[in-house]
> 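Sharing a structure, written as structure tokens. Questions coming.
Chain identifiers are assigned alphabetically (A, B, ...) following the order of the sequence lines, protein sequences preceding nucleic acid strands; residue numbering begins at 1 within each chain.
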Amino acid sequence: MSKDKSAKVATPQPVRGTQDMLGDFADRFAHVVETFERVRRLYGFKRVEVPVIEPTAVFARSLGETTDVVSKEMYSFEDRGGESVTLRPEFTAGIARAYITNGWQQFAPLKVATHGPLFRYERPQKGRYRQFHQLDAEVLGSDNPLADAELLVFADQLLKELGIADGVVLTLNTLGDAESRDAWRAALVAHFEGHSGALSEDSLSRLDRNPLRILDSKDPRDRPVADSAPDIDAFLTGAAQDFFGAVTAGLDAAGVAWTRNARLVRGLDYYRHTAFEFVTDRLGAQGTVLGGGRYDGLIENLGGPATPAVGWAAGIERLAMLLTEDAIDNRLDAVIAVEDDDQLAFAMQALAGLRGSGFAAEIVATGSPRKRFDKAAKIPAHALISVSTRDGVPHVNVRGESKRAKDVEAHLPSSPRT
RNA sequence: GCGAUCGUAGCUCAGUUGGUUAGAGCACCGGUUUGUGGUACCGGGGGUCGCGGGUUCAAGUCCCGUCGAUCGCCCCA
């Protein structure tokens with residue numbers, strides 16, 4: 001670092017809502033991704049990669065051109081050719097675009113999975129960043145309720161293998177087919193308009209924009225009206241009832257626990273049938289750890305053929321926060337403390353030998369030699385190896401009782417003979 | 001966009017009704033002690049007290065503004 005303070009330059013700060021990860025949290029993040037990659041193979045989901053940047057129209061269509069979301073909450077800008085482009089705020093629209101433009105209809109039904117960074121221009125809060133990361137799984141080109149069930153069983157197994165299923169509950173609802181949804185929506189609007197005097201200001205504006213959202217309002221003034229609103233059940237067509245019944249039967253057969261949440265909704269019109277969220281009470285206001293649903297109308301909205309599809313996404317940071325302390329074992333196999341610089345070459349040879357044999361190993365060979373043992377002892381490892389000089393030759397001592405420590409000891413070079 | 005809380009060393013924090021030269025622990029560096037040892041002690045480096053303005057004899061402390069962070073609201077694709 002420069003000692004000339006007058007020449008000090010201002011360090012650029014990170015972009016608001018971005019984060020840097022180091023050590024433990026980065027390991028937890030990687031553990032979530034690795035577990036996802038392993039489990040998705042068990043379910044036959046192909047890996048798919050789609051661009052981080054797309055024409056703004058891809059997301060504008062998926063989100064409804066008029067909403068605040070498009071105008072205020074996306075990272076959009078003009079490229080040098082004057083085209084409006086957007087950093088992806090979700091995976092689904094980009095995958096749907098790729099499905100159309102690459103002719104992936106030929107592979108239908110297509111099961112794909114991906115993960116990576118997403119961008120939303122929002123105010124950061126707990127577990128919610130402007131650049132964040134998600135896991136994503138989609139089934140495109142299937143109108144079979146077993147596809148919904150398979151995705152949910154996949155999600156359930158993922159959460160169980162991550163060890164965070166305790167305290168997480170699958171909440172499930174149906175939005176019906178287009179006919180059911182329209183009838184229910186009309187009944188809801190009539191109900192809310194009949195009680196408009198009792199609604200909060202926020203919900204009065206929702207009544208115009210997005211009346212379904214009143215159902216899950218957090219404002220206590222809205223709860224009586226929302227709780228007394230009609231469920232969709234009375235408006236479901238026979239086909240929609242059968243569809244939902246087949247999804248829940250699939251879950252029951254696979255042993256996946258679920259609860260009905262008749263208040264769980266999706267605002268956008270292309271959502272049909274199944275809507276679901278895995279919810280925890282351990283993350284404050286941001287309780288959803290994995291959510292998704294069926295979006296049979298989206299691909300058509302993007303100019304493609306009418307194509308049924310269903311999928312889910314989950315925030316990697318949130319999942320990483322929920323991992324238990326012991327989910328990650330960062331311990332090295334061995335740490336070598338070089339207590340005498342005359343034995344540095346010997347210690348380096350031992351270190352290279354261990355690493356070459358597949359052991360994770362670190363060396364402590366700087367600073368005061370008499371403090372190196374204590375320094376090494378603070379590094380989590382199965383085996384603590386000290387190297388000193390006794391009778392003019394390297395003297396090695398190994399501490400550690402685990403099987404791994406014994407393996408390490410067996411791979412150390414023997415002391416050179418004099 | 002709105003509200004609340006908070007910004008002091010690399011990290012976690014203390015700092016009294018405003019009052020000498022702003023402290024501790026951890027971390028880092030050096031020394032002593034111990035000598036199969038994760039101990040203890042001594043010392044050292046490191047701070048525009050987020051930034052700017054104001055009140056005052058005097059501001060880390062009070063006031064205003066600003067930037068940032070956190071939590072919540074809105075939104076949630």
> I want to verify a distance call: between B:C75, B:G31, B:A77, whose nearest atom is closest to the A:Arg206 side chain?
B:C75

> Does the side chain of A:Arg370 get closer than 4.0 angstrom to OP1 or OP2 of B:G35 through an N or O atom?
no

> Using OP1 and OP2 only, check whether a side-chain N or O of A:Gln125 sits under 4.0 Å from B:C71.
no

> I want to confirm an ordering. Mapping A:Pro369 and A:Ser205 to their closest nucleotides on RNA chain B, which one lands closer to the 5' end?
A:Pro369

> How does RNA chain B look in dot-bracket form if you count Watson-Crick and G-U pairs under 3.5 Å, write [ ] for pairs that cross, and put | where a base pairs with another strand?
(((((((..((((.....[...)))).(((((.......))))).....(((((..]....))))))))))))....

> What's A:Ser386 touching, base or sugar-phosphate or nothing? Going by heavy atoms closer than 4.0 Å.
base

> Taking atom C1' in both B:G38 and B:U34, what distance in whole Å separates the two?
12 Å

> Can you measure A:Leu384 atom CG to B:G38 atom C1' for me and round it to whole angstrom units?
8 Å

> Have a look at A:Phe119 and say if it touches a base, only the backbone sugar-phosphate, or nothing, with a 4.0 Å heavy-atom cut-off.
nothing

> Would you kindly give the CD-to-C1' distance between A:Glu138 and B:A77, to the nearest whole Å?
12 Å

> How long is the gap from CD1 on A:Ile385 to CZ on A:Arg399, to the nearest 0.5 Å?
12.5 Å

> Has A:Arg130 got its NZ or CZ under 6.0 Å from the middle of the six-membered ring of A:Tyr121, at an angle within 45 degrees of the ring axis?
yes

> If you measure only the distance, is there a donor-acceptor pair under 3.5 Å linking the side chains of A:Asn261 and A:Thr171?
no

> Among the nucleotides B:C76, B:A77, B:G37, which one has an atom lying closest to any side-chain atom of A:Glu90?
B:A77

> Determine whether any donor atom in the side chain of A:Lys371 lies under 3.5 Å from an acceptor atom in the base of B:G31, or the reverse, and answer yes or no.
yes

> It should be established whether A:Lys375 places a side-chain nitrogen or oxygen under 4.0 Å from OP1 or OP2 of nucleotide B:C29.
yes

> Please confirm whether the shortest side-chain N or O distance from A:Lys378 to OP1 or OP2 of B:A27 is below 4.0 Å.
yes

> Heavy atoms under 4.0 Å, any strand shown: does A:Asn397 hit a base, just sugar-phosphate, or nothing?
base

> What is the distance, to the nearest angstrom, from the CG atom on A:Asp219 to the P atom on B:G72?
17 Å

> Rounded to the nearest angstrom, tell me the gap between atom CD1 in A:Ile336 and atom P in B:U36.
21 Å

> NA contact type, A:Glu339, heavy-atom cut-off 4.0 Å: base, sugar-phosphate, or nothing?
base

> Can you tell me if the side-chain N/O atoms of A:Ser368 get under 4.0 Å from OP1 or OP2 in B:G31?
yes

> Among B:G31, B:C76, B:G38, which is the nearest nucleotide to the side chain of A:Asp374?
B:G38

> Check the phosphate of B:C75 against A:Arg209, side-chain N and O only, distance under 4.0 Å to OP1 or OP2. Yes or no?
yes

> Can you tell me the distance, in whole Å, between the CG atom of A:Leu290 and the P atom of B:A77?
14 Å

> Measure distances between side-chain N and O atoms of A:Arg128 and base N and O atoms of B:C75, and say whether any donor-acceptor pair falls under 3.5 Å.
yes

> Do the charged groups of A:Arg181 and A:Asp269 touch, with an N to O distance under 4.0 Å?
yes

> Are any of A:Arg266's side-chain N or O atoms less than 4.0 Å away from OP1 or OP2 of B:A77?
yes

> Between atom CZ in A:Arg213 and atom C1' in B:C74, what is the gap in whole Å?
12 Å

> Measuring from the side chain of A:Glu73 (C-beta onward, heavy atoms only), which nucleotide among B:C74, B:G31, B:A77 has the closest atom?
B:A77

> Using the P atom as the reference point in each nucleotide, state the distance between B:G60 and B:G15 in Å, no decimals.
16 Å

> Do the charged groups of A:Asp216 and A:Arg206 touch, with an N to O distance under 4.0 Å?
no

> Would you kindly give the CZ-to-P distance between A:Arg16 and B:G1, to the nearest whole Å?
9 Å

> Under a 4.5 Å cut-off applied to non-hydrogen side-chain atoms, are A:Leu170 and A:Thr259 in contact?
no

> Scan A:Asn210 against the nucleic acid and name what it touches under 4.0 Å (heavy atoms): base, sugar-phosphate only, or nothing.
sugar-phosphate

> Taking the nucleotide of RNA chain B with the nearest heavy atom to each, does A:Arg123 or A:Thr366 sit closer to the 5' end?
A:Arg123

> Could you measure between the two P atoms, the one in B:C64 and the one in B:U21, and give it in whole Å?
28 Å

> In whole Å, what separates the P atom of B:G44 from that of B:G25?
13 Å

> So if I take every side-chain heavy atom of A:His395 and compare against B:U36, B:A77, B:C75, which nucleotide ends up nearest?
B:U36

> Less than 4.0 Å between a side-chain N and a carboxylate O, is that true for A:Asp374 and A:Lys378?
no

> So, are A:Asp233 and A:Arg260 salt-bridged, with charged N and O less than 4.0 Å apart?
yes

> Please report, rounded to the nearest Å, how far the P atom of B:C73 is from the CD atom of A:Glu201.
16 Å

> In plain terms, say whether A:Glu317 and A:Arg28 are close enough for a salt bridge, that is, a side-chain N and a carboxylate O under 4.0 Å apart.
no

> Any ion pair linking A:Lys403 and A:Asp407 (charged N to carboxylate O, less than 4.0 Å)?
yes

